[in-house]
Amino acid sequence: MNTQPGPSQPLPTQSAESSGPAESSGPAELWATVDALSSWLDDNQAHGGREALLLRVLKLSEEVGEVAQAVIGATGQNPRKGVSHTWEDVQSELCDVIITALVALRTLTPEAERVFAGHLARVAERSLGGAGDRSAQPERRP
């Protein structure tokens, strides 16, 4: 039986069911959590200054590598290990990448929320054009 996503089996999509209160958090809660994580790391770091900043940015590469490992494991591409991960593992690792990137951005600037929102708006404008109402855009699925 083929348990891997492919032509006969699509990639899993996000469930409509909520598994906890964090999933209903809005942007304010997200940025409050990013600030708290950044402060926690500041209070518990082994290195300070520029070195701490560089290590937080490098942490992003480590997390991206874990995404790759999970994808390889979910597709069974390593013949020695076979299928060693699930697509839920891939989702979790992608979330770790996003969290790590947001914390690194927050480390670079206290205005991380404004910087991110501005950049997202520029990318959306460049990619989606002047269509202010994104509901008119066709739905895209992986």
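The chain is numbered in sequence order, starting from 1.
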S.K.: With sequence neighbours left out, what residues match Arg114 under salt bridge (charged side-chain N to carboxylate O under 4.0 Å, His left out)?
M.R.: Glu111

S.K.: Glu63: what forms a salt bridge (charged side-chain N to carboxylate O under 4.0 Å, His left out) with it, not counting sequence neighbours?
M.R.: Lys59

S.K.: Would you check if the side chain of Glu29 reaches a backbone N or O of Gly26 as a donor-acceptor pair within less than 3.5 Å?
M.R.: yes

S.K.: So which atom in Arg56 and which in Gln45 form the shortest heavy-atom distance, rounded to 0.1 Å?
M.R.: NH2-OE1, 3.5 Å

S.K.: Quick check for you: to the nearest 0.5 Å, what is the distance between Asp89 atom CG and Leu94 atom CG?
M.R.: 11.0 Å

S.K.: Evaluate the side-chain proximity of Phe116 to Thr109: yes if any heavy-atom separation is below 4.5 Å, no if none is.
M.R.: no

S.K.: To the nearest 0.5 Å, what is the distance between CG on Leu30 and CG on Leu102?
M.R.: 6.0 Å

S.K.: According to a 4.5 Å side-chain heavy-atom criterion applied to Ile, Leu, Val, Met, Phe, Trp and Tyr, with indirect links allowed, do Leu58 and Val103 form part of one hydrophobic cluster?
M.R.: no

S.K.: Search all heavy atoms of His47 against all heavy atoms of Ala52 and return the closest pair with its distance.
M.R.: O-CB, 3.2 Å

S.K.: Please report the closest heavy-atom contact between Ser38 and Thr107, naming both atoms and the distance.
M.R.: OG-OG1, 3.9 Å

S.K.: Got a sec, which residues hit side-chain contact (heavy atoms from CB on, under 4.5 Å) with Asn78, two or more places apart in sequence or on another chain?
M.R.: Ile72, Arg80, Lys81

S.K.: Are Asp42 and Arg106 close enough for a salt bridge, meaning some N to O gap below 4.0 Å?
M.R.: no

S.K.: Any chance you could pull the hydrophobic cluster mates of Leu108, using side-chain heavy atoms under 4.5 angstrom and chaining through other members?
M.R.: Leu53, Val57

S.K.: Determine the minimum heavy-atom distance between Val97 and Val64, stating which atoms define it.
M.R.: CG2-N, 3.8 Å

S.K.: Could you grab the distance from atom CD of Gln91 to atom CG of Asp96, nearest 0.5 Å is fine?
M.R.: 12.0 Å

S.K.: Suppose clustering is done on Ile, Leu, Val, Met, Phe, Trp and Tyr with side-chain heavy atoms closer than 4.5 Å. Which residues sit in the same group as Val123?
M.R.: none

S.K.: Check the hydrophobic clustering (I, L, V, M, F, W, Y; side-chain heavy atoms under 4.5 Å; chains of links allowed) and say if Leu105 and Leu55 are grouped together.
M.R.: no

S.K.: Which ILVMFWY residues are connected to Leu54, directly or by a chain of links, through side-chain heavy atoms under 4.5 Å apart?
M.R.: none

S.K.: With rounding to the nearest 0.5 angstrom, report the CD to OG distance, Gln77 to Ser84.
M.R.: 11.0 Å

S.K.: Kindly compute the distance separating CD (Glu66) from CD (Glu62), expressed to the nearest 0.5 Å.
M.R.: 5.0 Å

S.K.: Is there a continuous path of hydrophobic side-chain contacts, each under 4.5 Å between heavy atoms, that joins Trp31 to Leu41?
M.R.: yes

